There are 2 protein chains.
Amino acid sequence: MHQHSEASAIAALRKKGYKATPQRITICRYILNSRDHPSAQQVYHEVKKMHPTVSLATVYKTLGVLKDLNLTQELSLPQGQARFDSYMKPHINLVCLQCGSIIDLDDTTAIEITRRVAAAARFKPNAQRIDIFGICEKCNATE
Amino acid sequence: MHQHSEASAIAALRKKGYKATPQRITICRYILNSRDHPSAQQVYHEVKKMHPTVSLATVYKTLGVLKDLNLTQELSLPQGQARFDSYMKPHINLVCLQCGSIIDLDDTTAIEITRRVAAAARFKPNAQRIDIFGICEKCNATE
DNA sequence: TTACCTGCAAACGTTTTGCAACTGA
DNA sequence: TCAGTTGCAAAACGTTTGCAGGTAA
């Protein structure tokens with residue numbers, strides 16, 4: 001699902017004039033290979049394992065860089081922190097209101113929708129996001 | 001588009017045991033009749049014209065009540081404040097990255113998508129949101 | 001009458017910023 | 001070498017909360 005290797009992340013950074021620092025590489029590796037849409041705090045705690053002195057500021061700055069490189073998307077949700085999604089193909093986010101998990105769901109509608117909109121309204125689309133809020137399979141079972 | 005009258009808002013409040021205070025009525029009237037997806041700050045400044053002593057806390061609390069009554073939806077966006085949408089029919093939000101405007105677009109896809117998802121993943125949907133980020137017609141023209 | 005609401009101020013959590021020291025290219 | 005980066009601390013921001021006084025029903 002997340003097809004970016006470490007080497008391609010480094011190349012992407014350098015291509016746009018960003019330095020490939022150890023902290024950034026660690027952050028990229030974590031984000032680009034995680035499927036669970038981590039928050040900045042989660043990234044921070046994870047990266048600290050390799051770089052104990054890393055700061056939250058660096059995490060936020062790097063997340064900004066990754067957005068600029070189009071390697072991640074920011075999912076801002078009501079009540080609380082943003083979550084980061086490195087699955088950049090148009091898709092649907094299934095957001096569980098109980099456990100907070102976010103599942104990426106491929107669906108042809110997600111791709112189609114932008115095309116339709118560009119045609120219907122005179123709107124120049126850049127990015128998209130489809131969220132469906134509800135109760136996930138796991139929470140539904142344990143209820 | 002926004003079909004709620006003041007009387008029906010008062011009825012909705014009372015039905016769930018909320019008091020219909022003057023502040024709440026003013027906030028409801030403003031939110032339910034605005035098409036421009038105001039932020040809490042905008043609501044606050046607007047309501048202040050009628051109730052100069054109203055507090056931001058009351059605005060936030062009332063916005064919470066309106067969410068509970070299913071009369072508004074909170075649109076949290078990257079970089080900044082949440083915006084509030086009183087158009088509750090499934091639709092697409094066209095979010096302009098330049099001027100910040102949000103346009104509601106009716107599209108059959110918006111309704112269809114939840115049905116498909118409920119079937120595809122074993123997910124119990126509650127609410128949905130479709131955002132397309134880009135440049136609106138107006139900004140595109142003045143560019 | 002009373003449970004609920006208001007408005008103030010303080011608290012909270014996330015994100016951003018300024019800056020001196022450091023470092024990748 | 002030097003533009004860009006780090007990490008710290010402080011600031012900024014939107015939002016929430018506790019509470020004493022006030023008000024709708």
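A, B, ... follow the sequence lines: proteins, then strands. Residue 1 opens every chain. Everything numeric in this text was worked out from a predicted model, so none of it was measured.
- The shortest distance between side-chain heavy atoms of A:Y87 and A:D106 falls below 4.5 Å.
- Under the 3.5 Å distance criterion, the side-chain polar atoms of A:H37 are left unmatched by any main-chain donor or acceptor of A:D85.
- Counting any heavy atom pair closer than 4.0 Å across all strands shown, B:T58 reaches a base atom.
- For the pair A:D107 (side chain) and A:T109 (backbone), a donor-acceptor distance under 3.5 Å is present.
- Distances from the side chain of B:T53 to the nucleotides C:dC5, C:dA25, C:dG7 place C:dG7 closest.
- The nearest whole Å value for the distance from the NE2 atom in B:H51 to the C1' atom in C:dC8 is 18 Å.
- If you measure from atom CZ of A:R24 to atom C1' of C:dA25, you get 13 Å, rounded to the nearest angstrom.
- With sequence neighbours excluded, the residues forming a side chain to side chain contact (heavy atoms under 4.5 Å, CB included) with A:N126 are B:L97, listed by chain and number.
- To the nearest angstrom, C1' of C:dC5 lies 12 Å from CG of B:L13.
- Counting 5' to 3', DNA chain D first comes under 4.0 angstrom of a heavy atom of chain B and last does so at the ends given by D:dG14 to D:dA25.
- The residues A:D104 and A:R35 are annotated as not salt-bridged, no charged nitrogen and carboxylate oxygen being separated by less than 4.0 angstrom.
- Side chains of A:R129 and A:L75 form a contact here, defined as non-hydrogen atoms less than 4.5 Å apart.
- Looking at heavy atoms from C-beta onward, B:F133 lies in side-chain contact with B:L77 at the 4.5 angstrom threshold.
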Between protein and nucleotides 14-17 of chain C, what N or O pairs are separated by less than 3.5 Å?
unit_1, atom_1, unit_2, atom_2, d
C:dT15, OP1, A:A82, N, 3.0
C:dT15, OP2, A:Y60, OH, 2.1
C:dT15, O5', A:Y60, OH, 3.0

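- Both B:L32 and B:Y60 are assigned to one and the same hydrophobic cluster, defined by single-linkage of ILVMFWY side chains at heavy-atom distances under 4.5 Å.
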